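Keep in mind that what you see is a predicted model, and the values were worked out from it rather than measured.
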Amino acid sequence: MDRAKDPIDWLSSATHILTNPRLSPEESARIISILESPTTPEGLLWFSTSGSTGDKGIQKWVGISRGALLTSARSVNHHLECDSDDIWLNVLPVFHVGGCSIYARAELSGSPVYELKEWSPQEFVNAVSSLRITLSSLVPAQVHDLVQKELPAPKSLKAIVVGGGVLSHPLYQKARALGWPLLPSYGMTECGSQIATAPLESLMTEALLPPLNILPHIHHKVDEEGRLHIKSPSLLSAYAHISENGYQFEVFPKDHWLKTDDIVDIQGDTIQHKGRKGDFIKIGGESVLLPHLEEIWQQAAADSGLTVQETAISPVVDERLGYTIELFTTASENQISQALNLYNDKVLPFERIRKVNQVESIPRSALGKLLRHELSV
């Protein structure tokens with residue numbers, strides 16, 4: 001396996017757009033033309049927020065400076081005690097900030113980076129062993145795959161940062177029992193990667209999920225709603241909101257506070273992420289907007305003769321993917337089969353309904369709003 005080439009020229013001042021290669025050539029060209037237009041803030045790296053389409057089909061792109069990404073990388077390197085003796089293995093796409101940020105860290109530390117083009121748990125283990133990899137980043141679904149195959153961790157590993165979704169206590173404990181040195185983390189594209197990460201000292205124990213330490217380049221406060229506000233030199237410079245009909249830029253001043261949709265509990269220098277004010281969830285590392293899925297389901301149900309009172313879809317915690325979408329219904333299997341087919345044909349594979357739960361009633365408020373927290377089998 002050859003050393004990976006850094007996808008970013010860190011000394012350049014040119015705009016760099018990191019598009020998903022799965023986009024159609026036409027859509028990719030349209031996005032690039034917008035983000036390279038004369039009205040675009042100059043010199044930024046542009047990332048699509050992890051699979052998000054936003055309201056009414058609006059794509060949200062994050063524009064972040066090279067300096068911001070390197071600030072984040074410097075802080076993460078210090079947290080991981082990373083230097084030129086370390087060797088990274090990247091299995092994350094570089095068009096996501098999680099994959100790209102590995103190259104920023106390596107740029108500062110002088111560490112070599114190797115890249116596994118396609119995910120395979122056995123090939124990952126083989127590469128770590130043969131190259132004597134010390135550091136990597138994974139999403140919970142990949143950790144699940146390693147545990148499912150009962151693959152022990154190679155001895156060369158110092159740490160694996162895990163982000164991009166919910167890492168459950170049982171999965172963490174199973175992985176640690178196999179020797180995987182997991183450091184759960186919490187971050188966002190807008191902040192150039194990690195906001196908080198478990199300390200290396202947490203690897204001295206195999207108990208419950210460790211607390212996440214807020215990294216020193218992050219300033220934070222929590223409002224009366226419990227929502228996190230952050231300020232950092234690693235923050236984004238701009239948003240681009242792109243729809244079929246046009247686009248709009250939202251440019252931020254230097255030294256600004258970013259109000260997030262995340263509900264958190266902060267105690268000292270540790271943070272617990274409790275959920276989001278908005279309606280995004282992570283499935284296999286991809287952001288999913290629940291109202292969008294609910295709209296598709298409601299249409300499918302209506303087309304199949306089902307009423308609102310008979311069904312509801314809801315995210316359910318999943319050990320491998322973070323969440324999956326499940327259906328709760330008072331209708332029979334025969335009654336919902338057509339709606340299931342209609343819905344699953346209109347959504348992305350990871351957004352499909354994975355399980356049908358028969359229930360006695362669908363809890364709703366007096367105004368007909370779904371009381372999701374009261375759903376139970």
Assigning hydrophobic clusters by single linkage (Ile, Leu, Val, Met, Phe, Trp, Tyr; side-chain heavy-atom cutoff under 4.5 Å), is Leu342 placed with Ile325?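 Cluster IDs for Leu342 and Ile325 differ.
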
In terms of hydrophobic clusters joined by side-chain contacts under 4.5 Å, are Leu235 and Trp257 together?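 Different clusters.
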
First locate atom [atom1] of [X], then atom [atom2] of [Y], and finally report the distance between them rounded to the nearest 0.5 Å.
X      : Y      : atom1 : atom2 : answer
Leu45  : Leu18  : CG    : CG    : 6.5 Å
Arg354 : Ile283 : CZ    : CD1   : 7.5 Å
Arg30  : Glu26  : CZ    : CD    : 11.5 Å
Ile195 : His220 : CD1   : NE2   : 10.5 Å
Leu290 : Tyr323 : CG    : OH    : 9.5 Å
Asp85  : Ser109 : CG    : OG    : 10.0 Å

Would [X] and [Y] count as having a side-chain donor-acceptor pair, cut-off 3.5 Å?
X      : Y      : answer
Gln272 : Tyr186 : no
Ser37  : Thr40  : yes
Ser332 : Gln335 : yes
Thr134 : Asp86  : yes

Any idea how Phe252 and His256 line up, ring-wise: parallel (<30°), tilted (30 to 60°), or perpendicular (>60°)?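 The rings of Phe252 and His256 lie parallel, inter-plane angle below 30°.
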
Hey, what's the ring geometry for Phe124 with Trp119, parallel, tilted or perpendicular (30° and 60° as the breaks)? tilted

Knowing that exactly one of Leu167, Ile160, Val161, Asp145 qualifies, which makes a side-chain contact (heavy atoms from CB on, under 4.5 Å) with Leu138?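 That would be Ile160; it is the only one of Leu167, Ile160, Val161, Asp145 passing the side-chain contact (heavy atoms from CB on, under 4.5 Å) with Leu138.
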
State, to 0.1 Å, how close Leu203 and Lys158 come at their nearest heavy-atom pair, and which atoms those are.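 Where Leu203 meets Lys158 most closely, the heavy atoms are CD1-O, 3.4 Å.
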
Does [X] reach the side chain of [Y], with side-chain heavy atoms less than 4.5 Å apart?
X      : Y      : value
Arg320 : Val147 : no
Glu351 : Ile296 : no
Arg105 : Ser193 : yes
Leu293 : Val347 : yes

[X] side chain to [Y] backbone, donor-acceptor under 3.5 Å:
X      : Y      : result
Arg176 : Thr205 : yes
Thr15  : Glu42  : no
Ser156 : Ile133 : yes
Arg227 : Lys259 : no
Ser237 : Ile64  : no
Thr189 : Val97  : no
Ser13  : Gly43  : no

Can you list the steps and then say if Glu190 with Tyr239 is a side-chain hydrogen bond (donor to acceptor under 3.5 Å, both in side chains)? CA-CA 9 Å; Glu190 288 87 341; Tyr239 279 127; 2.7 Å; yes

